[in-house]
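To keep things clear, I will list the structure first and then write my remarks on it.
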Amino acid sequence: MARTSQRVEQEALRARMRAVGMAHDEIAVEFARRYRLRPRVAHRMAHGWTQQQAADRINGNLAGVGLERDDAASMSAPWLSELENWPVPARRRLTPQLLAVLATVYGTDIHSLLDLDDREHLEGEDILLINRVRPPLPSRSLMPVGAESALVANSLPSNDLTALSELTVPASMNHRRRGRTRVIAEDAETHLAAVRSDGSHREEPLAGRRLERLVIMAARESADFSRAAGRGNVDPLAIEQFHDDVAWLALRYPHQSVAPSFAEIVELRNHAFELLEDGPRPDTARDLYAIAGVLCGMLANASFDLGCLPAATTQARTAFLCGELAGHNGLRCWVRGMQSLIAYWQGELREAVTLAREGWEFVPEHGTARIRVAALEARAAGQLGDEAAVRDALRRAEAARDATTGEDTPGGMLAFPESKQYFYTASAYLGLHGRTETLSPDNWAARAEQAARTAIDLYETAPAGEQRLGELSLARLDLAAVHLERSELDGAAETIQIVLGSTTRRPTDSVLRRLHQLATITDRPQYRALRPAQHLREQILAVCTTATGTADPSHNPHTDTA
């Protein structure tokens with residue numbers, strides 16, 4: 001039986017909700033929950049509009065009220081896509097004026113179109129203006145636990161602040177968080193002092209930020225309480241909340257700085273560990289082990305991106321143990337891939353191949369983890385000059401892609417999209433190029449270039465919310481390596497300059513290591529006398545120094561590889 005398309009499914013869901021009298025905001029909330037949508041996307045889809053249809057209505061609204069934009073530009077589907085996914089990528093600014101237009105067209109208020117990511121990236125003067133507009137209290141949030149506080153924080157009358165100062169979680173139910181609840185009370189007192197100094201918290205931006213932090217912390221404590229209330233007999237709703245929170249973190253990870261994500265993942269992992277320590281029933285223990293394993297795997301990835309490979313190794317080891325205890329093949333396969341990745345960047349290429357092959361033996365319940373381990377094996381085998389192993393691994397990766405059933409859970413940073421498969425293919429071919437006497441006369445550099453360009457095209461044309469800046473940078477650096485192998489210095493410099501600009505915004509250890517590799521190539525004899533090559537090398541090392549505090553090329557064990 002053919003699977004119903006998501007669009008048809010959404011149309012049917014929308015009709016059902018309207019049939020029982022649900023309002024637009026309620027439909028948007030349900031769409032956001034079911035399909036994990038950002039608020040502006042959820043409100044558009046609650047109407048059943050495509051981006052182009054919504055853009056047409058926005059332009060009609062602007063014309064109807066006699067408004068003209070300063071730049072005389074009409075709303076378009078690509079521009080609306082940027083606004084829906086803002087601040088990733090943050091090409092054009094989301095303003096209160098644009099929010100007001102969207103709110104008018106969608107029939108809601110501007111606060112319902114914002115989530116925590118938006119508020120953390122809006123300009124200070126825009127936040128002040130938005131906070132002056134008091135929203136109605138939502139019946140249910142469009143965001144995960146804690147994020148709705150940005151709406152509530154500016155809806156409270158000042159005489160309710162005294163009650164907030166007494167917010168704590170009962171010690172008998174939350175003894176492990178006593179220190180944190182004291183912070184909530186102390187923050188409330190600090191905020192009250194700021195309010196009393198001028199009589200109105202709305203006229204003091206600093207006080208507003210304190211109140212928002214207070215409400216966020218209080219919401220998190222409430223989430224802690226809901227998870228902990230059934231210790232030893234974890235409620236299915238608590239498991240569902242865990243899955244939603246993990247999915248949200250995995251989705252956001254590729255699009256924000258690593259450090260904030262790391263802290264959020266640690267907090268959620270600790271909740272899972274605490275429930276496991278209290279001896280849940282066997283029927284929920286497996287779920288909790290799987291959740292804890294995924295979170296440890298995410299921490300392994302984050303530790304790797306932060307350049308702490310020993311910590312990444314430890315996190316991955318714990319993640320695999322959790323996968324064993326949960327009997328979760330998808331998790332075990334993915335973690336073996338993470339361990340292979342770590343070994344690869346530590347220079348342990350044969351270990352990387354072995355770990356990837358071990359991961360292949362675990363057939364996932366669904367998703368792309370098996371494609372990933374085959375591609376990882378191909379890349380490591382390429383560095384070893386093993387042409388037969390590269391061909392075999394890439395063939396298995398293609399077969400696994402064809403055999404994949406179901407979507408990745410939780411997806412996001414744990415998914416292995418086709419773009420990344422092409423990027424790893426390019427790396428594998430680059431490894432073979434010039435490294436050994438191959439079994440065939442294939443032009444591996446040409447194959448690497450073709451795969452890298454395909455990967456770049458797929459990354460660049462992906463929806464804004466699904467683009468992965470770090471992986472796109474690595475694919476571009478593979479393309480730059482091909483240029484350098486062919487002595488095409490101008491092409492390499494142009495590509496590397498793009499990566500240097502993005503690296504200053506979101507540095508990751510693998511990108512910095514790859515940049516070091518290319519800096520080493522520009523120091524080869526054929527480039528040493530070329531001033532443009534040396535200038536490029538200086539630029540690379542300057543960016544790496546700024547991002548890591550060291551320009552030591554020995555940071556990477558493969559500084560002489562392409």
Side-chain angles (χ1 to χ4, degrees), residues 6 10 28-45 81-90 94 113-121 141-148 150 220 223 239-269 271-272 290-302 304-305 319 330-331 334 338 366-369 372 406-420 458-459 461-472 506 508:
Q6 189 174 86
Q10 290 170 350
V29 166
E30 185 63 20
F31 266 69
R33 185 189 70 82
R34 288 195 182 212
Y35 302 107
R36 298 170 183 163
L37 303 175
R38 298 287 301 282
R40 293 177 290 284
V41 182
H43 277 273
R44 171 175 60 79
M45 295 185 67
S81 177
E82 287 186 32
L83 294 177
E84 288 181 343
N85 290 285
W86 190 91
V88 180
L94 182 67
L113 299 176
L114 294 171
D115 61 16
L116 182 59
D117 273 353
D118 296 321
R119 284 181 166 270
E120 288 179 339
H121 288 84
S141 174
L142 290 176
M143 292 81 72
V145 172
E148 73 276 13
R220 287 177 177 171
I239 298 295
E240 182 180 347
Q241 182 65 57
F242 265 118
H243 284 301
D244 286 349
D245 290 347
V246 170
W248 176 250
L249 290 172
L251 183 65
R252 292 176 65 204
Y253 181 87
H255 313 302
Q256 69 171 19
S257 298
V258 178
S261 294
F262 190 92
E264 292 177 304
I265 298 167
V266 166
E267 183 177 13
L268 195 59
R269 181 210 58 182
H271 287 313
I291 290 165
V294 168
L295 290 166
C296 287
M298 292 167 68
L299 288 176
N301 201 130
F304 173 84
D305 285 339
L331 177 56
W334 189 91
M338 188 71 234
H366 49 75
T368 58
R372 176 172 175 260
E407 297 180 353
D408 288 280
T409 303
M413 65 182 287
L414 280 77
F416 193 76
E418 193 174 14
S419 51
K420 194 167 185 178
L458 289 171
Y459 280 122
T461 57
E466 298 176 15
Q467 292 175 348
R468 299 181 176 196
L469 180 59
E471 293 166 16
L472 172 58
R506 191 182 188 271
T508 61

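At a threshold of 4.0 Å, the pair Lys420-Glu471 counts as salt-bridged, since one of the basic side-chain nitrogens sits closer than that to a carboxylate oxygen. Of the charged side-chain nitrogens involved, none lies within less than 4.0 Å of a carboxylate oxygen, so that Arg38 and Glu84 do not count as a salt-bridged pair. Residues Arg269 and Glu264 are not paired through a salt bridge, judged by the lack of any N-O separation under 4.0 Å between the basic side chain and the carboxylate. Salt bridge status for Arg33 with Asp244: absent, with no side-chain N to carboxylate O gap under 4.0 Å.
When all heavy atoms of Phe262 and Ala302 are compared, the closest pair comes out as CD1-CB, 3.6 Å. Residues Leu414 and Ala250 share a closest heavy-atom pair of CD1-CB, 4.3 Å. Heavy atoms only, all atoms of each residue included: Gly406 and His366 are closest at CA-CB, 4.2 Å. Listed here is the closest heavy atom pair of Asp408 and Gly367: OD1-CA, 3.4 Å. Scanning both residues, Ala42 and Leu37, for their nearest heavy atoms gives CA-CD1, 4.0 Å. Listed here is the closest heavy atom pair of Ser261 and Tyr253: CB-CD1, 3.6 Å.
At a threshold of 4.5 Å between non-hydrogen side-chain atoms, the residues Val294 and Pro410 count as touching. Between Ile239 and Ile291, some side-chain heavy-atom pair lies under the 4.5 Å cut-off. Taking 4.5 Å as the limit, some side-chain heavy atom of Arg40 sits within range of a side-chain heavy atom of Leu94. Taking 4.5 Å as the limit, every side-chain heavy atom of Gln241 sits out of range of all side-chain heavy atoms of His271. Within the 4.5 Å cutoff, side-chain heavy atoms of Gln10 are placed close to those of Met45.
Distance alone, capped at 3.5 Å, places no donor-acceptor pair between the His43 side chain and the Ala28 backbone. The closest donor-acceptor contact from the side chain of Asp118 to the backbone of Asp115 lies under 3.5 Å.
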For the pair Trp334 and Asn301, evaluate side-chain contact (heavy atoms from CB on, under 4.5 Å) and give the outcome as yes or no after the intermediate values.
CA-CA 11 Å; Trp334 189 91; Asn301 201 130; 4.1 Å; yes
Given side-chain contact (heavy atoms from CB on, under 4.5 Å), test Met298 with Val246 step by step and report yes or no.
CA-CA 9 Å; Met298 292 167 68; Val246 170; 4.1 Å; yes
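Rounded to the nearest 0.5 angstrom, Glu267 CD and Asp245 CG are separated by 9.5 Å. Put simply, CG on Leu472 and CG on Leu458 are 11.0 Å apart, with the number rounded to the nearest 0.5 Å. Rounding to the nearest 0.5 angstrom, the gap separating the CD1 atom in Ile265 from the CG atom in Leu299 is 5.5 Å. Atom CG of Leu251 and atom CE of Met413 lie 11.5 Å apart (nearest 0.5 Å).
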